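Predicted model, so just to flag it, every value in this text is computed and none were measured. Throughout, protein chains are lettered first and strands after them, A, B, ... in sequence-line order, and every chain is numbered starting at 1.
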Number of protein chains: 2
Amino acid sequence: MATDPTPNTAPRSPLTRELVLHTALALADQHGVAALSMRKLAQQLGVEAMSLYHHVASKDDVLDGIVDLVFNEIELPPTTADWKAAMRDRAISTRHALRRHPWAAGLMESRSAPGPATLRHHDAVLAILRAGGFSVAMAAHAYSLLDSYIYGFALQEANLPFEASDDLSAVAEPMLGPTPAEDYPHLAEMLTEHVLQPGYDYGNEFLFGLDLILDGLEQAR
Amino acid sequence: MATDPTPNTAPRSPLTRELVLHTALALADQHGVAALSMRKLAQQLGVEAMSLYHHVASKDDVLDGIVDLVFNEIELPPTTADWKAAMRDRAISTRHALRRHPWAAGLMESRSAPGPATLRHHDAVLAILRAGGFSVAMAAHAYSLLDSYIYGFALQEANLPFEASDDLSAVAEPMLGPTPAEDYPHLAEMLTEHVLQPGYDYGNEFLFGLDLILDGLEQAR
DNA sequence: AAGGTAACCTTACAGCATAAGAGAATCAAT
DNA sequence: ATTGATTCTCTTATGCTGTAAGGTTACCTT
């Protein structure tokens, strides 16, 4: 007791909103966002669950916060660059972020309050489009089209019941049930002749659609 | 007692898997999928929660089931039709189903076992593409691109913090915070000059992207 | 040294999915 | 008609969940 001379040097509180959110992000990546609970989050931080509520308002606040952290990971090209290359880079960076955090796309549906990183992101994208000669209405079209594609692709990719490295044939059979070739001939054709071929990676489909959309936007602009 | 002469005419069990799933679908539409619990589902059916487990394996089974019900609502054009018109109709029908059930797109992420209606849907879409002259690889590209766009658009639409009929300006301010025009000038421009104009409906953006994609696919085919 | 304040913990509650088993009702076969 | 088996439903219980309410501790300011 008398041997402890640290009255106000060591900060008592290692807990901050940032630390809480970064820990939540790591837990969501490890075990999925469904397994993220306030108790487990607190346990990871060596603290009781209720202590978290001094730094975040609610669990929804935590979810809003980690979604904004994901947006913060997306690289934003400078507005001066050629719009097509800039939008291509932005799309690829977004897709990489959503692959690192597969739960993020599905979480969007229930979020309501966009964080500062989210707003900054949207504003930067619109800046690129406007500087590239898009009218306001045309920028809205392009913005909606590109983001729908990017999020939808991430959603599909997260929904795949296998990883690119898995043995795909071992996965296809239970998915299709006992009589795939008879009941679903075209699905069977797609699987056996394309998806189950060695080296196939669904992720490679992304650039095909992205470049098709960008070319279409260039014509429509 | 003696006045009741119905020994085996009236079926004792009004509970079936179909009835359980249709009730779950209705509850999800009314209160959102997050508010759907086995207890409330049972209560709606006038039964205790555990009785449901004789007709469905788990809550996940219920969620898989109602997603398949949504797929069942999508109209599938006949294979004989022109592929472009058929895919356009299919996309619009899918989008309508996802607007009737806004939780469905976000739910995909966590589902694993596709139901029979889902498989039938995928097979029919592939049939249209193959009959339209798409190679297997090209059909995979088109399939991925179109569905990514459709689901992504549904996800964005479900995420909008307002309905088309709402007073949009009342909603924009709390979303952007106190200083929108200064911090996010392009976002502010988009809102004031386009989104907040009377008559704007985000749903109208859907056809622009869809037709752009279909035209691009026609060229790429 | 005293008071104020912010961070933390304890306790508690209502709701969640579902495992285990008991009770009742129906059907099949004698 | 009676029995036995099967199927459905309910009761009870366990260990989760988010978070409201209030008590305790440690620090900072004066």
Side-chain angles (χ1 to χ4, degrees), chain A residues 1-25 27-28 30-67 103 107 110-113, chain B residues 1-21 23-24 27-28 30-67 103 107 110-113:
Chain A
M1 305 170 180
T3 59
D4 189 350
T6 59
N8 52 350
T9 53
R12 209 270 300 255
S13 161
L15 222 54
T16 62
R17 178 182 171 89
E18 273 61 41
L19 180 60
V20 170
L21 292 182
H22 278 93
T23 307
L25 181 68
L27 279 182
Q30 284 173 40
H31 308 103
V33 76
L36 178 64
S37 74
M38 297 299 276
R39 282 171 163 84
K40 287 176 190 160
L41 178 52
Q43 190 180 23
Q44 185 77 21
L45 289 160
V47 127
E48 295 300 315
M50 290 311 291
S51 302
L52 301 175
Y53 285 85
H54 284 265
H55 305 276
V56 296
S58 63
K59 186 178 179 180
D60 267 350
D61 189 24
V62 173
L63 295 179
D64 285 337
I66 62 178
V67 167
W103 42 266
L107 206 58
S110 51
R111 299 302 90 205
S112 53
Chain B
M1 303 169 180
T3 60
D4 189 350
T6 60
N8 51 349
T9 55
R12 208 272 301 251
S13 161
L15 224 55
T16 62
R17 178 181 171 90
E18 274 62 40
L19 181 60
V20 170
L21 292 182
T23 307
L27 279 181
Q30 283 174 40
H31 309 103
V33 75
L36 177 65
S37 74
M38 298 298 276
R39 283 168 161 81
K40 287 176 190 161
L41 180 51
Q43 192 179 23
Q44 186 77 21
L45 289 160
V47 129
E48 296 300 314
M50 290 310 292
S51 302
L52 302 174
Y53 286 85
H54 283 267
H55 305 275
V56 297
S58 62
K59 185 178 180 178
D60 268 350
D61 190 22
V62 173
L63 295 179
D64 284 338
I66 62 178
V67 167
W103 42 266
L107 206 58
S110 53
R111 300 301 88 207
S112 52

Between Lys59(B) and Arg39(A), whichever has its closest DNA chain C nucleotide further toward 5' is Arg39(A)

Starting at [atom1] of [X] and ending at [atom2] of [N], how long is that distance when rounded to a whole Å?
X: Leu45(B); N: dC8(D); atom1: CG; atom2: P; result: 15 Å
X: Lys40(A); N: dG18(D); atom1: NZ; atom2: C1'; result: 13 Å
X: Leu63(A); N: dG18(D); atom1: CG; atom2: P; result: 9 Å
X: Met38(B); N: dC16(D); atom1: CE; atom2: C1'; result: 16 Å
X: Leu41(A); N: dC8(C); atom1: CG; atom2: P; result: 13 Å

- Query: When rounded to the nearest 0.5 angstrom, what is the spacing between CG in Leu63(A) and CG in Leu21(A)?
  - Reply: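 It comes to 10.0 Å.
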
Legend entry - Atom pair OG1/CG of Thr16(B) and Leu45(B) - distance to nearest 0.5 Å: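 With rounding to 0.5 Å, OG1 (Thr16(B)) is 9.0 Å from CG (Leu45(B)).
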
His55(B) side chain N/O closer than 4.0 Å to the phosphate oxygens (OP1, OP2) of dT7(D)?
->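 So the side-chain polar atoms of His55(B) never come under 4.0 Å of the phosphate oxygens OP1 or OP2 of dT7(D).
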
inquiry  = Would you say that Val62(A) contacts Leu52(A) through its side chain, given a criterion of any heavy-atom pair below 4.5 Å between the two side chains?
reply    =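 Not touching, per the 4.5 Å side-chain cut-off.
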
task: Given side chain to side chain contact (heavy atoms under 4.5 Å, CB included), test Arg17(B) with Asp61(B) step by step and report yes or no.
output: CA-CA 10 Å; Arg17(B) 178 181 171 90; Asp61(B) 190 22; 2.8 Å; yes

Residues passing the side-chain contact (heavy atoms from CB on, under 4.5 Å) test with Gln44(B), sequence neighbours excluded, are Thr23(B), Leu27(B)

Table please: side-chain donor-acceptor pairs of residues 31-39 of chain A below 3.5 Å, with sequence neighbours left out.
| unit_1 | atom_1 | unit_2 | atom_2 | d |
| --- | --- | --- | --- | --- |
| Ser37(A) | OG | Lys40(A) | N | 3.1 |

The correct set of residues in residues 46-53 of chain B placing a heavy atom under 4.0 Å from DNA chain D is Val47(B), Glu48(B), Met50(B), Ser51(B)

